[in-house]
Every structure is written in structure tokens, then in C-alpha cells.
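Sequence lines set the chain letters: A, B, ... in the order given, protein chains first and strands last, and positions in each chain run from 1. Every value quoted in this text rests on a predicted model; they were computed, and no experiment measured them.
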Amino acid sequence: MKNTKSNNEDWDLVLESGRADKHYWKDLWRYRELFYILSWRDIKVRYKQTVLGAAWSIIRPLLTTIIFTIVFSKIAKLDNPGNAPYALMVFAGMLPWQFFSNALSESSNSLIGNANLITKVYFPRLIIPASSVITSLVDFAISFLILIVMMFWYQYIPSWHIVFLPIFILLAFMCAFGVGLYLTAVNVKYRDFRYIIPFIIQFGLYITPVGFSSSVIGEKWKFLYALNPMVGIIDGFRWCILGDPMKWSSFIFSFSVIIIFLMIGITYFRKMEKSFADNI
Amino acid sequence: MSKIIEVRGLSKSYIINHEGKESYTALRDVIAQKAKKIFSFPNWKSTNKTQEEFWALKDIDFDIEQGDRVGIIGRNGAGKSTLLKILSRITEPTNGSIKIKGRIASLLEVGTGFHPELSGRENIYLNGAILGMSRTEIKKHFDAIVDFAEVERFLDTPVKRYSSGMYVRLAFAVAAHLEPEILIVDEVLAVGDAQFQKKCLGKMEDVSKNEGRTVLFVSHNMGVVSQLCTSAILLNKGKIDFNGKVASVVDKYLRNQSATNDFAYNESIKGLKPNFIDSIKIKNTEQQYISSFSFDQHIVIEFCCKINNYTPDLLIGIGMQDKSNSRVFTVVKEIDFFMDNSTDQFRGELTLPKSLFAPNMYSFVFALWTKMGVIHDVAENVCIISIHDNGTSLAAFEGADYGSVIINPNWKSI
């Protein structure tokens, strides 16, 4: 037994049950080119197959913003704690929400959609959901252009906080990725789970302050509300773009939930990964 | 020569559910089952669920030396694909270990990850990356790939507009330019036209012979395996049956596979004809009754006829037919050659020349008749045999119609 152990160093690769963990992160780095090229494929195909292409990522958030502004500002008459126009506030929340919901639905179906790759070639499977989230990031970038146009329209100058925006984009990315990893792994095992995902996203929209400010929620509930990770992210977006007041105490809750989701997502995905090829 | 792959005690088990027809588990069913368990009596066993452990591979040991070309053969379900999947890291072994030196690339399918919407050029990069090539490597080989695939004119056309031949050519071309130390190939040569298959085979031979790569090759096509590989592993029900030089392994595989296919006269109508063909058996020169022969094996036909009403001008004729029932040859012999007057039956043997009949399926026609043309008995389409290619010059064209015989003529340049 000892003898074989000392010989192990001569081999480049040792395959044993439960051994895959050892090289995983090294492998992930080695396969980064595959990650780039799969992301590039997803983006390319996405804009090739649709008639309106990139226009979709402009029309959808724009229309939703108009409707939300009318419903929440004019009909429900909710107040806006900041001094930015209501539509701009809605759009600043719409951006991360659209990104999150797109990324979530893309990544949770990503493994099933790439079944042919999974059963034929080895690579760290984490690449697939990760590259599908990247696609949503491109949509996000296009939608961001509308924000700039709206800024000009309302003659609104963003606060200096905007330099922190990439941090909140990264948080939104981590949040969508964490939840997406979990869902896509469950999706491989239970195929009917995909019917639940649109429901989760729709439900999420109601409990997330997209059409209104999170300050509408009473003091008593604000910490509980912040357990929805998107609350902290949207607050952060509004703080960066519009200079709205930021509630750091409740942001800590959102931040912790994001980290926990990401860790659960990765752990569960890694645990299930070995059986993907057998189950898919 | 150094060991490049070492496999020890490799096993892989799958759990088979005999529960439902669905190929996947639905959360709905799981919840329903859990609920059933809660609301049912504890001793009420659910009887409709039976799980069975199935060992696709069991205790496999083998070594592969650098530069070996190893064929992996076996019937369907012998565990070939599972072995390849474990070697290419798609799935994990249940027990045992595999140790590998160097980079490994597997080609379990032609054109893995090809996207129909993307152009040929884009798919070369995509497929290359999926197979484990770096961008610089693909760039280096790009012209060679395009040249090999013969698709230069359609490089910027989406591959969904490609003909299936072009598609396969492009896919193989990318794979052929992989530069791993170990290449795993699964039956991918079964596609494409004969000419391209030949080209692929040539390329694979080139890769292993001239560049010293190790190739693992799974195929049902014994001719190609014999031609391409130096050694072979015969799998049977998840275990290694035989491991050695390619010719002996292929022979063993064919011998195992072939059942006897004797012809025997139907007992109930025996009395109706005075003279009839009683039995026919096909065997090899080692007296083994088989129905599957390799190209360079003699085929021996053993026959027995009952002659109750002897006439001196009786003849026996044996003919061989190909799959479309065209006659390949006919031979005729007077039965006096076999008969001695003491019995009412005779036995005879006909040995066919080896290394002549093209690998294919054949059947036989037997007849007893007189010189005057009176037919006493006929047995048609009996004793179907198959001749397998074990490395003829036409192996790459196996399955194509290149005639019923393979000859070795004298070529001369004048």
C-alpha cells in the first residue's frame, strides 16, 4: 500500500472514487478558455436567434419601468425618500432585478440545456452555469445604456457613489450564481423542478423593492425584509446611482444571505456534480 | 516503453429502478411517495419499488504502454462505453483506481458541442475548446483542419446549412488535430462516406505510429480494429475476458459470438422423400462448429445425406449466396465419390479456400439431383455464416459493396 502511494507522484492524473475534489479548482483555472468560449457562444447565439436581438434587453425593462412608475407612484402614491425622479428610482431597481431574474432562469436550465456536452466531455461543470450568467451580464450592460439616456433626459447627475457600483454588480452576480447553482443541480435530479423556477422569480418580484423604495417597509420589519438578498443589492444600486440613503445595518443581513446562498450553491453543486453524467 | 495508463480493480455500479417508466425522477413523485409513507402504517411496505444494483464494470485490471493502440471490443452492454466514460472522466468509478500519465482527450462523439447557428469557423474554435485545445493550438492547426475537412468555401456558413457529410468531416478534422498523449475514440469512424473513413483511419494510424501517441479505440468493426490496433481488450459482462495481441483477441471474440447454425432435416417429413439431405454443419479446421469466420480462416462444410433409393447418376451440388441471394459459386460432385454400398447414407466435407470471400454474410444452397435434371431434394438459404474482416486491404470499406471476393492480383507499372 505504501509503495503505491509513493508512486502516485509519477502520475499526472489519478482517478478514484471521491478523488475528483483534489484537482477541482486547479482544473477550473485550466479550463478557463472553455469558459470564455462557452460564454461567447451563449452570447452569440442569443443575439443571432432573436429577431429583435439586443432590442429585447431595452424594451423589456423600459416597459416594465413605465408601468411600475404609473402603478406605484401615480396610483398607489408611494413616496420616494430620495430626490431622484420616481421613474429613475424604479429603473435603478429594475436593472439588478432583471439581471438577477435572467441570470437565475438561464443558469438553472443551463445543465439540462448542455446535456450533450456533459455526457460526452469532461470539464469542471461549474463552467456551464457560470457562462450562462455571463450572458445575462451582457443584457445588463445594454440595459445600463438606457439608464444613461434616462439620466440625460431627467438632467440628473449621479452621485460620486457610482464608483462603488461594480461591487454591487458583483454581489448581484454572486447572488444569482449561488441560487442558480443550487437550482440547476436540483433540476438535473428532478426534471419537473423547472416549472417552479418561473414561479420563484415572479414571487421574488413582489417581495423585492423594484417598483418602490425599501424605506416604505416599516422599521419593525426592515431586518426581516433584508433577508431577501436583492433588497440589499437594490438599495446599494440606488445608493450608488441616485445617492439615496443607504441602510448599512440591514445591508449586512442581505450580504450574509448572499454569501450563505453562494456557499450552499457551490457545496450542493459539487456534491451532485459527480452524478450529473449518470442522471442527465 | 513506459506504462501510461494503469487500471486496478476498477468497478462501476449503477442503481436501476424498476419502479416506473420515466427516465428521470420527478419531484412530484418523490413528494407523493414521502406523503404516502407518512400516512401509511409503518409495516406497510411499498412493494412497487425495487432497486437493483447493476455492475457495468467489475474488477478490471489492465496496463497500457505508451504508443500502444488498444482496441476495446465486446458485445453491447459489455461495459465498453462505461470504461471509456470513466477513462475520460465523465463519470467516476465506484471502486478502484486509474492512473494516467499525460494529457487525455476523448472523442466519444463526432462534433460534440457543435452549434447549428454558428459558422464553420466559429464551430472549429468552439469544438476545439470543448475537446481541450487552447486557442493558440487551434490557430496553429486552423488551416490544416479546414484543409482536411475540405470545407474552405463554407467556412462562414452556419453549420446547419452543411450537408451531413460536410458536418462529419469538419467535426472529425477538429478532433484529428488534437495533440494529447492519449486519445480515446468511440466508434466515430462509423460515419461518413467510405473515402473519408479511409482518410480518418489513415490519420489515426499516423497519429499513433509516427507520433507515438497512445490510442484507445472502441469499435464493433473487427476489420478496422485488426488493422489499426496492436493489442485489444475483450470485455464481457463488465469483466475482462481476454487481453492480448489484437489478432488473438479478435478471434476469441468472433468465436464466442458465433453460435452453431446447423441444418437438420425436419423429422416429420423424413419419410416423404427417398433421398434427402439429412444434416449440414459448418465448422472451422479445428473441428469447432461456428458460424462466424475470419477472412483468413478455412470454412469447412460437413454434410450427411440419406440415400434410400440409390441411382448411379445422383449428384450433390453446393452453392454459396450473398446477402442479395446472388450466387457466389456452385460446386457439383457425383455421390459415388462418397458412397460405399454397405450403407444407405454418406458423409462428406467441403473445405472452402481461405482469404478469398469478402467479409459479409453468406448462406448456402444444397441440392441432390440427377444428371437428367430430376431434383430429389433442395435446401435453400441454410447455414448462414458471416465472414469478418480481420485486417484485409479493404477493411476501411467494410459494409460497402466491393464484390464477393477479395483477390490479390499482380500489379505492374508499365
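Remark: A:Phe203 CZ is loosely packed, at most 12 non-hydrogen atoms of other residues, nucleotides or ligands lying under 6.0 Å away. Taking a 6.0 Å sphere around CZ of B:Arg8, one finds it holds more than 12 heavy atoms contributed by other residues, nucleotides or ligands. Within 6.0 Å of the CZ atom in A:Arg32, the count of heavy atoms belonging to other residues, nucleotides or ligands exceeds 12.
Only the side chain of A:Ile196 comes within less than 4.5 Å of a heavy atom in chain B; its backbone stays farther off. In this structure, chain A has a heavy atom under 4.5 Å from the backbone of B:Ile4, while its side chain stays farther away. Of the two parts of B:Ser134, the backbone and the side chain both hold a non-hydrogen atom closer than 4.5 Å to a non-hydrogen atom of chain A. There is no contact between A:Arg30 and chain B, counting heavy-atom distances below 4.5 Å. Only the backbone of B:Leu87 comes within contact range of chain A, judged by heavy atoms closer than 4.5 Å. Heavy-atom distances place no part of B:Ile138 under 4.5 Å from chain A, backbone and side chain included.
Distance NZ/A:Lys44 to CG/B:Leu118: 7.0 Å, rounded to 0.5 Å. Atom CD of B:Glu122 sits about 9.5 Å away from atom CD1 of A:Ile37, to the nearest 0.5 Å. Separation of atoms CZ (A:Arg41) and CD (B:Glu117) is listed at 12.0 Å; rounding is to 0.5 Å. The OG1 atom of B:Thr91 sits 12.5 Å away from the CZ atom of A:Phe276 when rounded to the nearest 0.5 Å.
With chain A as partner, the option from B:Arg103, B:Lys101, B:Met133 having the largest number of non-hydrogen pairs under 4.5 angstrom is B:Lys101. Top candidate by heavy-atom pairs under 4.5 Å with chain B, chosen from A:Tyr31, A:Trp40, A:Phe193, is A:Trp40. Of the listed residues (A:Thr119, A:Leu38, A:Asn114), the one with the most heavy-atom contacts under 4.5 Å to chain B is A:Thr119.
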Run B:Ile98 and A:Val14 through side-chain contact (heavy atoms from CB on, under 4.5 Å) and show every step you take. CA-CA 6 Å; B:Ile98 299 177; A:Val14 178; over 6 Å; no
Report the C-alpha separation of B:Ile90 and A:Val121 in whole Å, then their side-chain angles, then the decisive distance to 0.1 Å, and conclude whether the side-chain contact (heavy atoms from CB on, under 4.5 Å) test is met. CA-CA 6 Å; B:Ile90 292 162; A:Val121 190; 5.6 Å; no
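Two residues are said to be in side-chain contact when any heavy atoms from C-beta on lie closer than 4.5 Å; B:Arg89 and A:Asp27 meet this criterion.
Electrostatic pairing of B:Lys12 and A:Asp278 counts as a salt bridge here, judged by a charged N lying under 4.0 Å from a carboxylate O.
In terms of modelled atom types and a separation under 3.5 Å, the side chain of A:Glu33 and the main chain of B:Arg135 share a donor-acceptor contact.
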